**Q** 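Here it is, the structure in full.
Lettering of chains follows the sequences in order, A, B, ..., and the numbering in each one begins at 1. Quick caveat: nothing in here was measured; it's all calculated off a predicted structure.
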2 protein chains.
Amino acid sequence: MSTIKAVAARAGVSTATVSRALSNPEIVQPETRARVQEAIEALHYAPNHAAKSLRMLRTSKIMVMVPDVSNPFFSEVLRGAEEAAQAAGHSVLLGDTRGDESREAQYAEMLLRKEADGLIFLGHRMPPSLARVVAARGAQAPLVNACDFSAEHGVAGVHIDNARAAAEAMGLLYSMGHCRVGVIAGPLESHLTRERLAGVRRAAVAAGAERGLAVVHADYTIESGLQETTRLLAAAGRPSAVFCFSDEIAVGALSACRARGVACPAGLSIVGFDDVRYARFLDPPLTTVRQPMAEIGRTAVKLLLDILAGEPAPAEPVTLAHELVVRASTGPAA
Amino acid sequence: MSTIKAVAARAGVSTATVSRALSNPEIVQPETRARVQEAIEALHYAPNHAAKSLRMLRTSKIMVMVPDVSNPFFSEVLRGAEEAAQAAGHSVLLGDTRGDESREAQYAEMLLRKEADGLIFLGHRMPPSLARVVAARGAQAPLVNACDFSAEHGVAGVHIDNARAAAEAMGLLYSMGHCRVGVIAGPLESHLTRERLAGVRRAAVAAGAERGLAVVHADYTIESGLQETTRLLAAAGRPSAVFCFSDEIAVGALSACRARGVACPAGLSIVGFDDVRYARFLDPPLTTVRQPMAEIGRTAVKLLLDILAGEPAPAEPVTLAHELVVRASTGPAA
DNA sequence: GATGAAGATGTAAAGCATTACATCAGGGAG
DNA sequence: CTCCCTGATGTAATGCTTTACATCTTCATC
């Protein structure tokens with residue numbers, strides 16, 4: 001590829017002028033600009049990004065770290081993030097961690113090597129190698145935690161009110177007369193799980209149904225949802241409803257019902273979480289807590305770009321609105 | 001952040017030695033190496049990627065361009081690609097094009113600016129700005145076309161045998177006695193659509209059922225699947241089966257059936273394409289053509305890395321195995 | 001003891017674009 | 001006519017790392 005030098009030579013100007021013609025066209029004489037333009041086209045010149053990035057100390061890239069791109073929830077958040085980044089002239093570096101700590105560390109390292117200007121992470125763990133950055137800059141560190149936010153991290157964040165959302169979901173079930181309710185939660189290490197469980201308990205207490213609560217833990221996959229639901233259905237005093245911490249888990253639950261010949265919602269009401277794109281197309285259509293996935297992604301990017309632009313970080317994490325979407329997978333207790 | 005110079009100064013060696021200690025540890029004396037190591041840790045040194053990349057003329061990044069990350073098919077391919085890239089020490093730059101030509105051009109431009117070493121694109125359009133690269137280097141250009149491959153592009157590619165897969169899907173329907181079959185295809189601009197339609201016709205001819213064929217076009221979304229199916233169901237001589245060119249379309253078809261009170265498969269057999277992760281959990285579980293999505297992603301990356309390593313590109317595009325997965329959404333014609 | 005080879009480390013160029021500062025020309029004001 | 005300011009453009013330093021080549025030890029060999 002040709003360099004700025006070649007373009008300058010051909011146009012009979014200095015490299016400075018070429019650079020200016022590209023980044024500040026209005027300060028170069030129109031005819032000079034035209035000559036430069038001609039040379040650029042003739043030589044098919046495209047500025048080398050590494051050189052620019054080295055000089056400017058900015059990469060125009062943001063790293064987005066997700067536990068699993070192929071999970072419909074994360075891919076939707078990712079899409080929102082990509083959209084916002086792109087609109088702001090940044091591009092997205094994707095890190096799929098598979099929940100693996102060493103992979104997380106590896107991606108975090110990229111921030112230190114200045115391969116990206118900032119990092120958005122969707123998960124409950126904050127990479128230890130970034131601890132120093134956070135210690136030094138606090139919420140001004142170019143880090144945003146999305147979804148599974150914990151104030152302990154001391155970084156900017158965006159999420160929904162998980163406790164309230166969970167309480168509302170349980171409230172729906174209780175209002176329908178269910179008193180034995182299974183909860184298929186996520187792993188306890190996750191702050192998000194603990195938040196939602198707090199909401200669950202609050203609702204149970206309010207309904208005076210604590211004794212009927214059965215909490216089990218899954219890992220957000222369809223398979224584990226199937227397995228845990230099967231276990232709940234087999235137990236004595238089996239629940240008449242389950243609240244799943246993700247739609248994937250709920251799909252597993254539906255599948256377990258089908259396998260055991262339990263009708264939904266007649267035999268088991270099911271509530272999911274997220275409202276992924278196919279939730280409404282399941283049979284029965286899934287009652288679930290909608291998270292504004294794309295909006296979470298966009299907001300995370302916005303927060304990050306604000307931080308990068310040096311704006312004072314908001315003291316509080318951003319809380320977005322959720323919505324309990326009632327469909328046909330829930331019905332009155334028998 | 002500290003630079004290699006600072007590390008060198010602290011360790012009392014030259015920058016060359018620091019560099020060697022990092023990239024070629026075995027050629028530096030163990031005690032020197034230890035001193036360097038100490039300095040690196042003390043100063044929290046991490047090599048600046050832009051500088052490295054400028055010097056080496058390599059970025060260790062590959063751009064993956066998809067029409068829609070949140071589509072479960074693409075996100076699964078993406079995941080495979082990310083995995084393979086990461087394993088080979090590269091990282092993935094994500095480009096979500098939304099099928100928008102100008103966005104495609106923008107991402108392609110990044111290749112020219114050397115923001116990435118290579119590009120994998122999942123779509124039917126080859127960005128025009130890359131035409132020169134291809135003209136110059138042919139299949140040695142750092143480009144790989146995945147899924148929707150066309151030989152016209154003249155670049156490396158990976159895909160399944162779409163014509164055969166489509167013929168098999170239709171063959172299944174014909175073998176079940178369906179003679180009026182609707183086909184909800186993709187847009188005709190796409191080479192992949194034309195390939196599959198060729199397979200469809202071949203099967204129809206073989207079954208002597210050409211007259212019963214009704215081909216309509218959707219854009220691979222659930223919504224358009226719903227709409228086109230509704231149209232097919234409303235038409236005179238309505239089909240007893242539909243073959244959808246994606247599972248998303250099939251979800252729309254299922255949804256249309258439900259809306260019109262048509263039972264599946266009793267009233268309408270449905271075949272999808274892709275076998276996305278939730279296809280088996282739909283009700284009824286979807287009969288579909290499984291594409292090895294993650295494998296496609298991995299293979300695309302492998303091809304690209306081979307090209308980047310200067311290995312002679314395979315003369316032929318890689319064809320991976322598909323599989324017709326028969327589930328409960330198909331049944332004998334009434 | 002001289003010669004050469006091998007191994008360790010240093011020197012400095014190269015990779016490419018941006019931009020502060022310098023320079024130069026032209027026009028307006030006094 | 002001279003001085004100064006403004007606007008356009010050039011000069012050169014800067015960002016940081018890698019690596020070819022140069023240098024210097026050290027050890028083995030004849």
**Q** May I ask you to say what A:T3 touches in the nucleic acid, namely base, sugar-phosphate or nothing, with a heavy-atom cut-off under 4.0 Å?
**A**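 It contacts sugar-phosphate atoms only.
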**Q** Of the options D:dT9, D:dT17, C:dC16, whose atoms approach the side-chain atoms of B:Y45 most closely?
**A**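 It is D:dT17.
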**Q** Any side-chain N or O of A:T32 less than 4.0 Å from the OP1 or OP2 oxygen of D:dT9?
**A**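 For D:dT9, OP1 or OP2 has a side-chain N or O of A:T32 closer than 4.0 Å.
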**Q** A:R20 has an atom CZ; how far is it from atom C1' of D:dG7, in whole Å?
**A**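 My rounded result for the distance is 11 Å.
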**Q** May I ask you to test the B:T221-B:D68 pair for a side-chain heavy-atom distance under 4.5 Å?
**A**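 SC-SC contact between B:T221 and B:D68 ruled out.
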**Q** Can you check the A:H49 NE2 to C:dG15 C1' distance for me, whole Å?
**A**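 Rounding to the nearest Å, NE2 of A:H49 and C1' of C:dG15 are 15 Å apart.
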**Q** With hydrogens left out and only the distance checked, is there a donor-acceptor pair under 3.5 Å joining A:R58's side chain and the base of D:dG15?
**A**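 No pair found.
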**Q** Rounded to whole angstrom units, what separation is found between the CE atom of B:M56 and the C1' atom of D:dA20?
**A**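 Atom-to-atom, B:M56 to D:dA20, this comes out as 14 Å.
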**Q** Categorize B:T17 for me: base, sugar-phosphate, or nothing, with a 4.0 angstrom heavy-atom threshold over every strand shown.
**A**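 Answer is sugar-phosphate: B:T17 comes under 4.0 Å of backbone atoms only.
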**Q** Which part of the nucleic acid, if any, lies within reach of B:V28 when heavy atoms closer than 4.0 Å are counted: base, sugar-phosphate only, or nothing?
**A**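 Counting heavy atoms under 4.0 Å across all strands, the contact made by B:V28 is with sugar-phosphate only.
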**Q** Reading DNA chain C from 5' onward, which residue's closest nucleotide shows up sooner: B:G12 or B:L54?
**A**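 Mapping each residue to its closest nucleotide by heavy atoms, the 5'-most match is B:G12.
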**Q** Which nucleotide in the list D:dT11, D:dT17, C:dG10 gets nearest to the side chain of B:V13?
**A**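 In terms of side-chain proximity for B:V13, the closest of D:dT11, D:dT17, C:dG10 is C:dG10.
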**Q** Measure from the side chain of A:S14, starting at C-beta and using heavy atoms only, and say which of D:dT11, D:dT19, D:dG15 lies closest.
**A**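 Of the candidates, D:dT11 comes closest.
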**Q** Specify the separation, in whole Å, of atom CG of B:N48 and atom P of C:dC16.
**A**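 These atoms are roughly 17 Å apart.
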